[in-house]
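Following: one structure in C-alpha cells, then a few remarks.
All values below come from the heavy atoms of this structure, side chains included, with hydrogens, waters and symmetry mates left out. Read the numbers this way: they start at 1 and go in the same order the structure lists the ligands and their atoms.
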Amino acid sequence: MNDMTTGSKRLVVVSNRLPIVVKQLDDQWTFTPGSGGLVSALAPVLRNRGGIWIGWPGTVDAEPESLTELLHEATRHSGYTLKPVTLDNRDKEDFYYGFANEVIWPLFHDLQSHCNFAPRYWDAYTRVNRKFAEVITENVESGDFIWVHDYHLMTVGQELRALGLRARTGFFLHIPFPPLDIYMKLPWRFPLLRALLEYDLIGFQTLRDRRNFLQCVRLIAPDLAVTGKGQVITLRVGGRELRVGTFPIGIDFKEFARDGKSDEVIRKAKHLHEDLPGRQVLLGVDRLDYTKGICHRFEAFRNALQRFPELHHRTTLIQVVVPSREDIPKYHALKMEMERLVGEINGQFTQSGWVPIHYIFRSLNRTELLAYYRACEIALITPLKDGMNLVAKEFCAVSPEGESVLILSEFAGAAAQLQKGALLVNPYSVEEVAEAIHRAIHMGPGERRARMHKLKRFVREYDIFWWVDAFLKAAIAKDLSNFPAPEEYVPHMETISL
Ligand code: GDG
C-alpha cells in the first residue's frame, strides 16, 4: 500500500462478495471469478497495491477453517489475501435476498413499488453487518485503513465502533442514493442514516447522490454544519466530524485499451461482423436486472424499426444479458418478459437474411466481451437508473476511435462525466431513444471521432487508479480545497434533430 497516499500500512477492502465464487461440485470445490461492477473495479486495485479483501465467498456449505485454506490456495499468486465471512441459509435469504435485494436495491434505484419491507429483514441486515465487523476486527492491524463497499454493508462502520475499533473507516456506495421523498419510505430510515454517519469518509458516485444524502441527513440532524463546496466536504453532526465526497468510479483504461487491440480480440471482432455484413450493430450488455431498462430498450428499438423503415437490414441489436439473481421471482419474471419481447419483435420484423435482435443469455469470457465492444458501432446503454455503469466506460476504452457512438441514459451516473461525447437519452421515452438510434446510425465519421475522442479522454483521465487515489487522499488530506468539483449532469432542452 502506498504510504504517500494514506499514511496507512494496509488497505482492508470489505465487500459483500469476494472476487472469487466458491462452489461445491461432486465433492470437489471449484472457484470461479466473481462478476459485476464492484469486482471489475476493485480487483485491479488490490492486484496493484496488495492488502486484504474480506467478504462472503458465495457458499453456505463450507466450514470457516476449510474456506480460509481454500481461498489461500486460490489466491496464492494474486498479491492479496482473501478472508471469508461465513453466512448461513437464513442470512442468505433475509440479508442478501431480503434486505439488500428486496429493499435497498429497488428503493435506491427509485423503484419503490418493487420493495418488500418485511420486518425480519432489518434484523438480518444488522446481524450480518455485525458478523462482517467481527471478521474485520479479527484481521485488522494498527494503521490499517478499512474501506467498506456498497449497500449490503452500510451499518458495518457503526458495528466496528461498537466493538471498540478505532481504525479509520471509509464507505463507498456503488449504487445511487435516492431523493429524500423516496428514501423516507424506508421503515428503518433513521437508524440507517445514523449508522452511515459513523464512517469517517463516505463516497458517492455523483453530486446528485451526495445532495440526496445531505437532504436526508438534514432531516434527522438539524444541527448539521457543512464546510466546503468541492469534491469533498466536511460534515459536523452530533459532535462528530466526517467527510463526504463524490468519486465517480472508473475502469482500468490502459488494460482495456491494450487488450482491445490484441490479435485475438481483433480476429474475433472481425469474425463477429462478417456474420452481419453491411450492418451497423447496436450493443447492449447488462446483468439481468430490472434497473437496466432492457425491456424499455427493446420497445425503443421496435419503435425505431417502425418509424424508420430504412433501418431494416441496415442494423441489428445484439443484447447480452448476464445471468444474475435468477432465484428471485422478480428476476425470473423479467427474463420471461425479455424473451417474450425478443420473440415478438423478431417475429414482427425478421426477413430473409436479417434478424433484428440477437439475444445472448450467458456470461461472455473477457475476450468475447472485448470483441463485442470492438465490433459494434453503437452502444445502447439505457438503464432506468445506475450508480455509474462501467460497461459504458469499457466500450469507450475498447472501441476504435472514429467509428463508434455511445447512446447513454441520463440516469446512469456515467452521464455526468460522459455528457459531452455521448448521446444522452431519457430511457423511459421510447420515442426519444428511437430517435437517438436513428441519429447515431446516420452520424458521420467526423462527429463520431470528435465525440469518441472526448469520451476516451475522460475515461482515460479518471480511471480506476485515479478513483482509488482520490478516495484514499480524501480520507487523510489536511486541505480539501485542492479537490476539484466534479461534473454534474443537469437535463436540458436539447432536442434531437432528425
Ligand atoms: C454496480 C452498480 C456501478 C458484464 N457482462 C459481462 C461482464 N460484465 C462486466 C462488465 C462490467 C460489469 O460486469 C458490470 O458493471 P456495471 O457498472 O455496468 O453494473 P453493476 O454490476 O450493476 O455494478 C453500477 C458498479 O457497481 C461499479 O461501481 O457502475 O452502477 O450497479 O465491468 O465488464 N464481464 C464478463 N462477461 C460478461 O458477459 N467477463
**Study point:** Part of V322 within contact of ligand 1 (heavy atoms, under 4.0 Å)
**Key:** side chain
Review point. Any N or O of R287 that comes nearer than 3.5 Å to an N or O of ligand 1?
Key: yes
Review point. Looking at ligand 1, does K292 have a heavy atom less than 4.0 Å from it?
Key: yes
Point to revise | Closest to atom 18 (O) of ligand 1 among T291, L390, L364 (heavy-atom distance) | key: L390
Practice item. Check ligand 1 against S363 and write out every atom of the ligand that is under 4.0 Å from a heavy-atom position of the residue. Key: 36 (N), 37 (C), 38 (O)
Check your understanding: With a 4.0 Å cut-off on heavy atoms, does F247 reach ligand 1?
Key -> no
Distance-only donor-acceptor hits, side chain of residues 180-188, under 3.5 Å, sequence neighbours excluded:
unit_1	atom_1	unit_2	atom_2	d
Y183	OH	R189	O	2.7
K185	NZ	Q112	OE1	3.2
K185	NZ	D181	O	3.1

Exercise for review: Please step through side chain to side chain donor-acceptor pair (under 3.5 Å) for the pair Y151 and N101, ending with a clear verdict.
Suggested key: CA-CA 9 Å; Y151 62 103; N101 286 324; 3.2 Å; yes
Review point. Pairs in or reaching into residues 386-395: which pass salt bridge (charged side-chain N to carboxylate O under 4.0 Å, His left out), with residues at least two apart or in two chains?
Key: K292-D386
Exercise for review: Please name the residue in the list F171, F177, F108, Y199 that meets the ring pair (Phe, Tyr, Trp, His ring centres under 6.0 Å) test with F213.
Suggested key: F177
Review point. Any heavy atom of W467 sitting closer than 4.0 Å to ligand 1?
Key: no
Revision key, fill the gap. Taking only non-hydrogen atoms of Q205 and a 4.0 Å limit, the atoms of ligand 1 in range are 3 (C), 28 (O)
Check your understanding: Side chain of R451, backbone of S404: donor and acceptor closer than 3.5 Å?
Key -> no
**Study point:** Side chain, backbone, both or neither: the part of F108 lying under 4.0 Å from ligand 1 by heavy atom
**Key:** neither
Check your understanding: Checking R366 against F256: charged group under 6.0 Å from the ring centre and within 45 degrees of the axis?
Key -> yes
Exercise for review: Could you check whether the rings of F132 and F95 sit parallel, tilted or perpendicular, using 30° and 60° as the cut-offs?
Suggested key: tilted
Study note, to complete from the structure: When every non-hydrogen atom of L317 is compared with those of G284, the smallest separation belongs to CD1-N, 4.3 Å
Review point. Can you tell which part of E368 has a heavy atom less than 4.0 Å from ligand 1: side chain, backbone, both or neither?
Key: neither
Exercise for review: Below 4.0 angstrom from a heavy atom of G387, which ligand 1 atoms are there? Numbered from 1 as shown, please.
Suggested key: 30 (O)
Check your understanding: Which of the atoms in ligand 1, numbered in the order shown and given with their element, are less than 4.0 Å from a heavy-atom of Y373?
Key -> 33 (O)
Practice item. Using a strict 4.0 Å cut-off to heavy atoms of V285, name the atoms of ligand 1 that fall inside it. Key: 4 (C), 5 (N)
Check your understanding: Which word best sums up how the rings of Y96 and H152 line up, parallel for under 30°, tilted for 30 to 60°, or perpendicular for over 60°?
Key -> parallel
Review point. Quick check: does M388 get an N/O under 3.5 Å from an N/O on ligand 1?
Key: yes
Exercise for review: Please could you name the atoms of ligand 1 that D386 approaches to less than 4.0 Å, counting only its heavy atoms?
Suggested key: 24 (C), 30 (O), 31 (O)
Review point. Regarding K335 and the six-membered ring of F361, is the cationic atom NZ or CZ under 6.0 Å from the ring centre and inside 45° of its axis?
Key: yes
Review point. Numbering the atoms of ligand 1 from 1, which are under 4.0 Å from a heavy atom of E394?
Key: 10 (C), 11 (C), 32 (O), 33 (O)
Review point. What atoms of ligand 1 come within less than 4.0 Å of a heavy atom belonging to W105?
Key: 31 (O)
Check your understanding: Are K131 and L87 side-chain neighbours, meaning at least one heavy-atom pair lies under 4.5 Å?
Key -> yes
